[in-house]
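Structure record follows, encoded as structure tokens.
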Amino acid sequence: MHIAEGFLPVIHCVAWYAVSAPFVIHGARKVITEAKEHPESRLLLAAAGAFTFVLSSIKLPSVTGSSSHPTGTGLGAVLFRPPVMAFLSTIVLLFQALLLAHGGITTLGANVFSMGIAGPWVGYALWTLSNRLGWHRNVGVFLALAFADLSTYLVTSVQLGLAFPDPVSGLAGSVAKFAGVFAISQVPLAIAEGILGVLVFRLLTDVAAPELRRLGVFGAAKEAVA
Amino acid sequence: MSHRQLSAHGLSVRFGERTVLADAELSVPRGGRLALLGANGSGKTTLLRTLSGAVRPSAGRVQVDGVDLDYGRAGLRAHRQVVQLVAQNPDDQLFAADVFRDVSFGPLNLGLTEVEVRARVDRALAVLSIEDLAERPIHELSFGQRKRVAIAGALAMEPCVLLLDEPTAGLDPQGVDEMVAALDALLAADTTVVIATHEVDFALWWADSVAVLRDGRLSCGSGPELLGDPEVVASARLRRPIVLQVAAALGLAPSGITEVSSLVAALSPHLVRKL
Amino acid sequence: MSHRQLSAHGLSVRFGERTVLADAELSVPRGGRLALLGANGSGKTTLLRTLSGAVRPSAGRVQVDGVDLDYGRAGLRAHRQVVQLVAQNPDDQLFAADVFRDVSFGPLNLGLTEVEVRARVDRALAVLSIEDLAERPIHELSFGQRKRVAIAGALAMEPCVLLLDEPTAGLDPQGVDEMVAALDALLAADTTVVIATHEVDFALWWADSVAVLRDGRLSCGSGPELLGDPEVVASARLRRPIVLQVAAALGLAPSGITEVSSLVAALSPHLVRKL
Amino acid sequence: MSHGLALDHAAWSSPWRARSLRDKGVLCLGLLLAAICLPPVPGGAAVAVISLALLLGPIRVGWTRLLRIGWLPLVSILIGVATVAVSVSWADGLRLEVTDAGTAAAVQLAVRALAATLAMFTLACSTPMIDLLAGLRRLRVPDPLIEIAALIYRFSAGLLDSASAIHAAQDARLGFVNRTATMRSASMGVAALFLRSWDRARRLEDGLAGRGYTDALRTLEPARRRSSGFLAGSVLLLVAVTATALSWPVTR
């Protein structure tokens with residue numbers, strides 16, 4: 001669930017663009033450096049972006065039986081790191097806005113912050129923390145994906161709440177309202193995304209160990225443990 | 001498996017503004033070999049997908065033993081145990097890490113016990129003579145092997161009718177021989193086999209009967225008769241099989257000519273002497 | 001384009017323990033049509049990639065006009081303007097969003113001016129008769145159209161020799177006709193055309209000469225002679241072309257028989273009367 | 001179009017595709033800006049009407065396609081608007097109520113969001129993504145970023161097709177028959193997609209090396225038609241909308 005085109009007042013649009021910009025620029029710098037040092041990584045980064053885009057446009061079953069789109073950013077954060085995800089998510093959100101009419105150009109800054117910055121960083125922080133505490137990798141993956149998803153929607157609720165304070169109960173009311181509509185219904189989906197992530201990771205370690213090693217996923221887990 | 005009668009009546013499929021199938025009639029001969037011929041983009045794949053229940057027709061109906069296909073959850077579930085479709089590209093159908101796990105995917109979803117699933121996988125691999133591949137990772141297999149694994153995955157659902165989209169595409173002569181042996185084994189195991197192809201020489205030789213797709217409509221009949229008709233093949237954007245071209249150039253009637261040996265047999269009486 | 005002599009001497013390629021090519025000798029006839037035949041996995045693609053400079057042989061050498069290929073950056077760059085390879089799957093080669101942009105990629109890498117690049121793109125599209133596709137998005141094109149776009153991308157490098165891996169694979173009869181027209185246009189534009197294929201009927205009809213890959217070794221010669229030899233095709237895991245099977249069954253010598261009309265011509269004198 | 005992105009298809013087949021990005025950008029982004037900056041009535045409403053006229057007129061999207069493209073944002077706008085319209089309070093037990101202030105805010109929001117969505121459609125339905133990326137390149141966004149974005153666009157089309165093919169194949173083997181099966185199918189599908197995107201990148205890298213790829217994916221831009229008349233007309237239209245919207249409260 002992204003914030004739709006035209007949904008935010010112009011001040012909010014500008015503000016969220018400003019908040020997101022440093023993160024996206026930082027990610028873009030990393031991407032440029034990587035692309036210059038290893039020209040072939042352009043193709044791999046593009047593959048990662050396409051994977052994220054397609055992942056966000058397929059349906060995921062929820063525990064309650066309804067279905068929704070996974071954010072995919074938790075998986076992306078673990079595989080490709082948050083700075084790269086900030087850049088890739090910006091592209092993916094631009095594509096979603098213009099190719100799927102999901103999200104918008106004016107709300108791009110806000111959506112990038114929730115899905116491309118908050119989600120991946122929360123997910124990655126939990127992944128690192130779990131590794132450092134020596135928890136099983138499955139726990140780390142589950143936490144990273146579930147909370148990347150959940151935090152994305154919570155941030156979205158806050159963004160909408162800030163834009164539309166409730167005439168009766170003010171900011172607290174509006175945030176609670178949007179959280180009720182979006183985030184609570186998202187809890188089962190976040191759990192589903194977490195479980196899915198664990199299953200995907202198990203499959204990938206079976207068949208794509210070299211690819212994961214190249215991405216440094218195993219290294220990160222080990223490094224964090226040590 | 002008991003034979004079931006799969007048929008389609010007045011089938012029309014439209015995607016947006018484009019009509020892919022228009023009032024197509026088809027009755028799949030039980031226990032036989034049917035080849036569905038058409039150019040790329042003629043709607044072969046759409047027809048197979050409609051027969052398998054994956055595409056819902058805009059008009060007309062798909063029937064099994066005269067009963068309309070019910071597109072509800074339970075109806076489709078039952079239909080998938082009657083008809084299975086094998087896609088042209090095996091990679092669209094194989095997603096597990098190794099052969100055993102991939103073939104067991106369908107039977108597991110049927111809710112069978114582990115013993116039953118194992119038995120079904122073994123049977124499917126045995127029919128296709130790929131028991132030795134069971135433990136191999138899929139990405140190490142050759143294209144021809146992957147094609148047979150994809151068939152095994154569909155076969156493990158134990159359908160009465162197996163629809164194969166371009167089973168020989170991309171295979172070299174030896175790969176085609178192995179595919180033919182696999183299809184023979186399916187037929188021997190009482191499965192009705194329908195293939196969609198544009199390879200006219202192969203279809204003429206292999207099939208008991210053919211159906212040609214032209215502008216979304218189907219013409220059914222015998223291979224030599226339909227594929228030997230210049231008007232039919234031209235309007236279907238195909239070509240005549242080579243043996244039928246030779247027969248026509250020499251003034252022989254096409255009937256009964258399906259391969260080199262039958263051509264030679266038809267030709268022999270007209271030769272001055274054995275060369 | 002002026003003709004250049006591409007040849008390979010004592011070419012061996014090993015991947016790990018597996019020997020793919022063993023002491024292969026090949027001289028590509030200038031301005032002609034050469035078909036390289038072999039089963040899947042026989043090393044056809046590796047041979048083409050070695051000729052194009054993408055794979056460095058473990059032994060032996062690739063030569064242009066008798067000069068050894070230099071695998072340095074500049075040497076390879078020069079070689080790419082002599083030889084271009086078109087992969088079997090067009091999606092391995094097409095990366096841009098539309099046809100015009102994609103075809104312009106190679107010439108831009110040659111450091112040409114925008115005017116020259118534009119002229120080259122126009123020429124390449126014209127040779128392949130796909131000017132009308134210039135502004136179309138590649139993901140909306142059919143498989144056959146994408147194949148021709150991939151050829152245009154290679155052609156825009158203006159090589160003397162174009163190597164095509166399985167150009168007819170996956171194409172229906174009309175697609176094959178269009179591909180043949182494209183290859184004819186390449187030949188008319190003075191490009192030497194080498195195709196790798198396992199489609200023996202097509203290769204026999206199309207090629208001036210053939211090379212058959214057996215166990216990593218190459219045998220070169222005329223189509224009817226090599227492909228009519230049961231021992232050669234068996235050891236190459238191929239089959240004889242249908243017209244040569246008919247000829248053999250009737251006791252005709254294969255020489256000169258490449259398609260239905262030459263078979264019929266060879267046969268006519270032996271018929272009792274015109275049927 | 002097998003992957004069925006209706007907006008993408010509309011953009012590639014629009015008569016406006018050959019127009020220069022400068023011309024379209026001023027008009028479409030101008031409309032978008034007007035939609036969110038001006039008071040919704042009459043500014044937003046005017047933008048909505050103008051955008052709709054452009055979409056159904058010169059951009060030639062067509063009613064059926066517009067509905068197909070538009071239902072998703074429409075539903076998401078409605079959910080959001082409904083949430084704004086209803087007020088909650090919990091001082092004396094949880095209470096939901098509809099206030100005049102809430103309703104007014106909701107109506108304003110609905111008009112603004114609808115106008116902005118339609119304005120965004122004028123750009124999305126007339127300009128393929130790749131042309132927009134070329135525009136960003138001219139705005140000095142570094143080349144590697146543009147190249148990666150363009151490749152993501154190209155890879156996505158094939159990957160979407162793969163995703164739907166895998167889904168169909170799993171469905172045929174009852175892969176979505178219950179929750180456990182669905183989870184198993186989804187995870188296998190996601191893993192397969194990851195490998196496929198990776199493999200695709202590797203193979204393309206190989207293929208491009210033969211065409212002289214070293215460190216940049218440069219391509220030539222197709223010629224685009226610039227029209228100062230179109231540009232002047234767009235500016236006039238935007239000025240007129242703005243002037244009307246700003247003078248509305250005065251004249252009333």
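Just so we're on the same page: letters track the sequence lines, and every chain starts at 1.
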Between C:P173, C:S142, C:P241, C:G41, which residue shows the highest count of heavy-atom pairs closer than 4.5 Å to chain B?
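Ranked by heavy-atom pairs under 4.5 Å with chain B, first place is C:P173.
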For the candidates C:G170, C:P269, C:A169, C:G144, which exhibits the highest count of non-hydrogen atom pairs separated by less than 4.5 Å from chain B?
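Looking at each of C:G170, C:P269, C:A169, C:G144 in turn, C:G170 comes out on top.
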Which bit of [X] is near chain B, if near means a heavy-atom gap under 4.5 Å: side chain, backbone, both or neither?
| X | answer |
| --- | --- |
| C:D201 | side chain |
| C:I242 | both |
| C:A39 | both |

Can you find a heavy atom in the side chain of C:V99 that is under 4.5 Å from one in the side chain of C:Q145?
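They are not in side-chain contact.
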Answer yes or no: is there an ion pair linking C:R214 with C:E231, defined by an N-O contact shorter than 4.0 Å?
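Answer for the salt bridge query: yes.
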Looking at B:E135, I want to see if its CD is surrounded by more than 12 non-hydrogen atoms of other residues, nucleotides or ligands under 6.0 Å.
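At most 12 heavy atoms, drawn from other residues, nucleotides or ligands, come within 6.0 Å of this atom.
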Heavy-atom pairs under 4.5 Å with chain C: which of B:L263, B:D177, B:L171 has the most?
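Highest number of heavy-atom pairs under 4.5 Å: B:L171.
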Do any N or O atoms from the side chain of B:R240 and from the backbone of B:Q245 form a donor-acceptor pair under 3.5 angstrom?
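Between the backbone of B:Q245 and the side chain of B:R240 there is no qualifying donor-acceptor contact (under 3.5 Å).
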Going from OG1 on C:T168 to NE2 on C:H198, what distance comes out if it is rounded to the nearest 0.5 angstrom?
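Rounded to the nearest 0.5 Å, the OG1-NE2 separation comes out at 7.5 Å.
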